[in-house]
Amino acid sequence: MDLGIKDRVAIVAASSKGLGKASAMALAGEGVKLTLCARGEEALNAAADEISGKTGAEVFSMAVDVTNKDDIDALVKATVDKFGKVDILVTNAGGPPPVVSFLDVTDEGWREGIDLNLMSTINMCRAVVPHMKAQKWGRIVNIMSISVKQPLDALLLSNVSRTAVVGFSKTISNELAGDNITVNTVCPGAILTDRVKNMTQARAKNEGKTQEEILAAYTDIIPMGRIGRPEELGGMVAFLASEHASYITGTVIQIDGGFVKGYN
Ligand SMILES: NC(=O)c1ccc[n+]([C@@H]2O[C@H](COP(=O)([O-])OP(=O)(O)OC[C@H]3O[C@@H](n4cnc5c(N)ncnc54)[C@H](OP(=O)(O)O)[C@@H]3O)[C@@H](O)[C@H]2O)c1
């Protein structure tokens with residue numbers, strides 16, 4: 001299916017690896033021009049080369065920390081200087097650290113968690129929306145987590161900061177609908193990215209088990225009986241960014257092999 005977004009311009013945040021990179025790859029496969037960003041330049045350059053090599057897409061990349069508002073503003077300005085516009089924003093960042101008890105989280109820990117997932121999303125939207133409003137076309141897709149559907153044990157900071165993103169996104173989706181700008185959120189369950197590989201390797205070492213045994217504990221509680229592939233999330237991001245998703249806004253969609261047990 002042609003998604004109808006050839007020559008659109010997308011900024012994909014936190015995209016040198018994992019879910020951001022898979023989303024960028026899916027958009028590039030549709031002929032979208034891309035701005036990638038992450039903090040580490042080496043992996044970022046490798047991702048840009050891989051994506052342009054595989055798809056032929058025009059790819060611009062910039063080392064940016066999404067918790068820094070000045071970095072975000074510079075990223076959006078550089079994108080508009082290079083490509084003349086910005087049509088699609090995919091927000092994404094790293095994940096906050098696990099927490100044993102809420103009493104252990106300091107003021108600074110709260111601020112860092114909120115800056116990482118909530119303020120980065122707000123600041124990216126603030127920077128791109130004026131451009132989208134001017135052209136009366138825009139797509140914003142947030143990469144969050146199933147923690148917004150069902151709190152995950154030990155991920156207090158993720159549970160709190162990401163549900164706030166859902167409140168923010170639903171609210172601005174109403175405000176922006178008349179400008180033909182959609183705002184949707186995708187919620188990965190367990191998807192085999194570098195982050196999950198590293199986490200499961202570390203757990204295997206700590207618990208004296210194999211990585212396969214640790215992964216089996218994840219997949220046992222997933223109705224599909226397997227962990228997800230990054231491109232399975234990337235495909236949904238590209239669809240929500242497409243012409244075909246023109247009447248879909250304010251939604252929160254899990255990509256989790258059936259892991260969430262509730263109705264929505
Ligand atoms: N994979 C899953 O199963 C899963 C499930 C639920 C939610 N999530 C969430 O989805 C997001 C992406 O996860 P992933 O699995 O794709 O992780 P990943 O494979 O570790 O990739 C993370 C990417 O984000 C970049 N990044 C991290 N912090 C950043 C920052 N402050 N500014 C700019 N870029 C930053 C990293 O590059 P640099 O480190 O070089 O900056 C890297 O490109 C995370 O928030 C994670 O918690 C993942």
Side-chain angles (χ1 to χ4, degrees), residues 1 3-5 8 10-15 18-27 29-30 32 87-93 95 117-118 120-122 124-125 128 132 137-152 155 158-177 180-193 195-196 218-219 221-264:
M1 179 164 62
L3 294 184
I5 44 176
R8 291 283 183 191
I11 296 175
V12 185
S15 48
L19 303 178
K21 183 175 148 194
S23 302
M25 186 69 86
L27 290 166
E30 293 295 319
V32 171
D87 301 301
I88 297 163
L89 169 68
V90 181
T91 73
N92 186 30
N117 293 126
L118 175 62
S120 66
T121 306
I122 292 173
M124 282 187 259
C125 290
V128 300
M132 293 176 173
W137 199 99
R139 299 280 186 270
I140 297 171
V141 184
N142 305 307
I143 300 178
M144 285 293 130
S145 163
I146 47 164
S147 69
V148 308
K149 299 272 183 169
Q150 180 173 304
L152 298 173
L155 290 181
S158 169
N159 299 339
V160 171
S161 61
R162 295 185 201 273
T163 46
V165 170
V166 171
F168 168 73
S169 300
K170 181 66 181 166
T171 308
I172 68 162
S173 74
N174 293 334
E175 182 181 329
L176 299 176
N180 197 26
I181 300 168
T182 67
V183 188
N184 292 289
T185 299
V186 294
C187 307
I191 302 202
L192 197 57
T193 60
R195 174 185 156 87
V196 172
Y218 278 76
T219 53
I221 52 170
I222 300 171
M224 282 200 163
R226 66 174 176 84
I227 200 159
R229 297 184 295 273
E231 61 271 22
E232 292 178 306
L233 181 124
M236 177 55 85
V237 170
F239 175 75
L240 289 171
S242 77
E243 282 300 344
H244 297 284
S246 49
Y247 202 53
I248 302 174
T249 196
T251 69
V252 185
I253 302 171
Q254 64 265 39
I255 293 102
D256 68 348
F259 173 82
V260 170
K261 298 294 179 284
Y263 287 114
N264 54 21

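This is a predicted model, so every value here is computed, not measured.
- Looking only at distances, no side-chain donor or acceptor of Asn117 sits under 3.5 Å from a matching main-chain atom of Gly95.
- Taking CE of Met144 as the reference point, atom NZ of Lys149 lies at 13.5 Å (rounded to 0.5 Å).
- Remark: the backbone N or O of Glu243 is paired with a side-chain donor or acceptor of Ser246 at under 3.5 angstrom.
- Contact annotation: the side chain of Val141 approaches that of Val186 to within less than 4.5 Å [non-hydrogen atoms, C-beta and beyond].
- Counting heavy atoms from C-beta on, the side chains of Glu232 and Ile191 never come closer than 4.5 Å.
- Pro223 and Lys261 make their closest contact through CD-NZ, 4.3 Å (heavy atoms, listed as atom of the first residue, atom of the second, distance).
- Taking both residues in full, the closest heavy atoms of Gly235 and Ala26 are given as N-CB, 4.2 Å, listed atom of the first, atom of the second, then distance.
- Using a 4.5 Å cut-off on side-chain heavy atoms (C-beta onward), Ile5 and Arg139 make no contact.
- A 4.5 Å side-chain heavy-atom check between Thr193 and Leu19 finds at least one atom pair inside the cut-off.
- Using a 4.5 Å heavy-atom threshold, the side chains of Leu240 and Thr182 count as separate.
- The nearest pair of heavy atoms linking Asn92 to Met124 is O-CE, 4.0 Å.
- Closest approach of Ala241 and Leu27 over heavy atoms only: CB-CD2, 3.9 Å.
- Between Met132 and Asp87, the shortest heavy-atom contact is CE-O, 3.3 Å.
- Within the model, atoms CD1 of Ile253 and CD1 of Ile146 stand 15.0 Å from one another, a figure rounded to the nearest 0.5 Å.
- Ser145 places none of its side-chain heavy atoms less than 4.5 Å from the side chain of Gln150.
- Rounding to the nearest 0.5 Å places CG of Asn184 at 3.5 Å from OG1 of Thr251.
- A cation-pi arrangement is absent between Lys170 and Phe168 under the rule of less than 6.0 angstrom and at most 45 degrees off the ring axis.
- Side-chain contact between His244 and Leu3 is present, with at least one heavy-atom pair separated by less than 4.5 Å.
- The distance from atom CG of Leu176 to atom SG of Cys125, rounded to the nearest 0.5 Å, is 8.0 Å.
- Proximity of Ile255 to Pro188: side-chain heavy atoms (C-beta onward) are nowhere separated by under 4.5 Å.
- For Ser158, the side chain to side chain donor-acceptor pair (under 3.5 Å) test picks out Ser147, Arg162, with sequence neighbours left out.
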Q: Assess whether side chain to side chain contact (heavy atoms under 4.5 Å, CB included) is satisfied between Cys187 and Asp256, documenting all intermediate values.
A: CA-CA 8 Å; Cys187 307; Asp256 68 348; over 6 Å; no

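- Applying the side chain to side chain donor-acceptor pair (under 3.5 Å) criterion to Arg195, with sequence neighbours excluded, gives no partner residue.
- The minimum heavy-atom distance linking Ala190 with Ile222 is given by the pair CB-CD1, 4.2 Å.
- In this structure, the side chain of Asn142 does not engage the main chain of Thr91 through any donor-acceptor pair within 3.5 Å.
- Distance alone, capped at 3.5 Å, is enough to place a donor-acceptor pair between the Thr249 side chain and the Val183 backbone.
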